[in-house]
Asker: 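I am attaching a structure below and will ask some questions about it afterwards.
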Number of protein chains: 2
Amino acid sequence: MVTTPAESTLLGSPYRADCPTRRILDRVGDRWTVLIVGVLWEGDARFSELRRRIEGISQKMLTQTLRGLERDGLVRRTVYPEVPVRVEYALTGAGRTLREPLRMLQEWAVEHLGDVSASQEAYDRVDRTPAGVTG
Amino acid sequence: MVTTPAESTLLGSPYRADCPTRRILDRVGDRWTVLIVGVLWEGDARFSELRRRIEGISQKMLTQTLRGLERDGLVRRTVYPEVPVRVEYALTGAGRTLREPLRMLQEWAVEHLGDVSASQEAYDRVDRTPAGVTG
DNA sequence: CAGAATCCTTACGGATACTG
DNA sequence: CAGTATCCGTAAGGATTCTG
């Protein structure tokens with residue numbers, strides 16, 4: 001990775017493409033990361049267990065997301081060379097610290113989802129077609 | 001939107017596709033929402049101002065993201081029918097409440113980005129090609 | 001100024017088949 | 001069991017052009 005001059009002022013320029021927040025959101029903002037962290041928070045789990053508990057995730061995305069989390073040092077992958085092989089996933093220390101901010105976000109979501117949904121429906125009820133436009 | 005039987009147990013089944021957290025992340029987890037909320041937190045702004053301050057955002061994505069936020073009731077859009085027209089964007093009350101959880105996430109990002117980057121580099125340095133495989 | 005509309009490319013992600 | 005490899009459709013998003 002190239003160190004840009006901007007990095008020294010990153011905290012003051014959170015709107016650059018390479019700011020920390022943006023990089024974290026790239027990891028956390030996808031469909032599956034939060035769910036995986038959520039399950040692992042409750043306890044270590046093996047591949048098939050995660051697959052079962054996270055409804056709708058494909059094998060490909062589970063693998064891919066776990067690899068990403070492992071690469072970021074948020075999840076530890078342990079292979080037990082039995083037959084058949086057993087692989088256990090666990091949150092690392094860093095991974096566990098991610099839980100709190102995510103929980104805050106979830107809390108916000110639960111608290112405001114009703115209002116958001118209502119606002120959406122109200123918004124969708126209004127016709128925004130400019131006057132005089134047909135079809 | 002269709003009401004599914006699952007909705008009654010949503011809070012107990014956070015791993016369903018339509019759970020609150022996931023819906024919020026679909027909004028907040030994209031590249032731009034956080035940045036827009038960040039700018040608007042500092043004060044109301046008009047379209048061109050947002051465009052200028054959020055580096056790298058295209059006109060299309062700015063419009064699209066603002067529309068989404070407006071639809072969710074998180075941002076208020078005010079049109080001043082002058083010539084040329086002036087449009088001001090502001091956070092709503094709900095929008096302002098989003099700031100805190102997002103700030104937590106940003107804080108986490110700043111605090112852990114170093115470790116994450118280091119972990120990534122370490123991960124990328126080890127060869128994961130199975131023994132005996134060429135190419 | 002603040003967008004709407006269009007085109008076009010990329011990459012995300014699902015389905016499937018195969019392996020140690 | 002826990003993946004890898006491949007194919008493929010969709011959609012996200014950039015660049016460009018046009019408008020009230």
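Order of the sequence lines fixes the chain letters, A, B, ..., with proteins taken first and strands second; residue numbering starts at 1 for each chain. Everything quoted here is computed from the prediction, not taken from an experiment. Atom set for the values below is all heavy atoms of this structure, side chains included, hydrogens, waters and symmetry mates excluded.
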Asker: For dC1(D), take OP1 and OP2 only and decide whether either is under 4.0 Å from a side-chain N or O of Arg46(A).
Answerer: no

Asker: Has Arg67(B) got a side-chain N or O lying under 4.0 Å from the OP1 or OP2 atom of dG3(C)?
Answerer: yes

Asker: Please check: side-chain N/O of Asp72(B) versus main-chain N/O of Leu74(B), any donor-acceptor pairing under 3.5 Å?
Answerer: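 No; zero donor-acceptor contacts below 3.5 Å.
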
Asker: Can you tell me if Tyr89(B) touches the phosphate of dG3(C), counting only side-chain N or O atoms and a distance under 4.0 Å to OP1 or OP2?
Answerer: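 Looking at the OP1 and OP2 atoms of dG3(C), one of them is under 4.0 Å from a side-chain N or O of Tyr89(B).
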
Asker: Would you kindly give the CG-to-C1' distance between Asp26(A) and dG13(D), to the nearest whole Å?
Answerer: 14 Å

Asker: Rounding to an integer number of Å, can you tell me how far Leu50(B) CG sits from dG3(C) C1'?
Answerer: 13 Å

Asker: Figure out the CD/P separation between Glu49(B) and dC1(C), and round it to whole Å.
Answerer: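 Roughly 12 Å, once rounded to whole Å.
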
Asker: Atom CZ of Arg52(A) to atom P of dC1(D): distance rounded to whole Å?
Answerer: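 It is 9 Å, rounded to the nearest whole Å.
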
Asker: For the pair made of CD1 in Ile54(A) and P in dG14(C), what is the distance, rounded to whole Å?
Answerer: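 Atom-to-atom, Ile54(A) to dG14(C), this comes out as 12 Å.
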
Asker: Considering only side-chain heavy atoms of Gln59(B), which listed nucleotide, dG14(C), dA2(C), dA4(C), is closest?
Answerer: dA4(C)

Asker: I want to verify a distance call: between dC1(D), dA2(C), dG3(D), whose nearest atom is closest to the Pro84(A) side chain?
Answerer: dC1(D)

Asker: Going from CZ on Arg76(B) to CG on Leu91(B), what distance comes out if it is rounded to the nearest 0.5 angstrom?
Answerer: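 Between Arg76(B) CZ and Leu91(B) CG, I get 9.0 Å after rounding to 0.5 Å.
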
Asker: Where the side chain of Trp32(B) is concerned, which of dG3(D), dG3(C), dG14(D) is the nearest nucleotide?
Answerer: dG14(D)

Asker: For dG13(C), does OP1 or OP2 lie under 4.0 Å from any side-chain N or O of Ser58(A)?
Answerer: no

Asker: Does the side chain of Arg51(B) get closer than 4.0 angstrom to OP1 or OP2 of dA2(C) through an N or O atom?
Answerer: no

Asker: Taking atom C1' of dA15(C) as reference, at what distance in whole Å does atom CD1 of Ile57(A) sit?
Answerer: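 Distance, rounded to whole Å: 15 Å.
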
Asker: So, does Arg31(A) get its side chain near the phosphate of dC12(C), meaning an N or O under 4.0 Å from OP1 or OP2?
Answerer: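 So the side chain of Arg31(A) is outside the cut-off, no N or O lying under 4.0 Å from OP1 or OP2 of dC12(C).
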
Asker: Select one nucleotide: of dG14(D), dG14(C), dA2(C), the one nearest the side-chain heavy atoms of Met61(A).
Answerer: dG14(C)

Asker: Could you give the distance from CD (Gln120(B)) to OG (Ser117(B)), rounded to the nearest 0.5 Å?
Answerer: 5.5 Å

Asker: Without decimals, in angstroms, what is the distance between Glu82(A) CD and dG3(D) C1'?
Answerer: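 Whole-Å distance recorded here is 16 Å.
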
Asker: Between Phe47(B) and Lys60(B), which residue's closest nucleotide on DNA chain C lies nearer the 5′ terminus?
Answerer: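 Taking each residue's closest nucleotide, the earlier one in sequence belongs to Phe47(B).
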
Asker: Quickly work out the Asp30(B) CG to dG13(D) P distance and round it to whole Å.
Answerer: 7 Å

Asker: Could you see if Met61(B) belongs to whatever hydrophobic cluster contains Val28(B)? Use Ile, Leu, Val, Met, Phe, Trp, Tyr and a side-chain cutoff under 4.5 Å.
Answerer: yes

Asker: Using 0.5 Å steps for rounding, measure from the OG1 atom of Thr33(A) to the CG atom of Leu98(A).
Answerer: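 Thr33(A) atom OG1 to Leu98(A) atom CG measures 8.5 Å (nearest 0.5 Å).
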
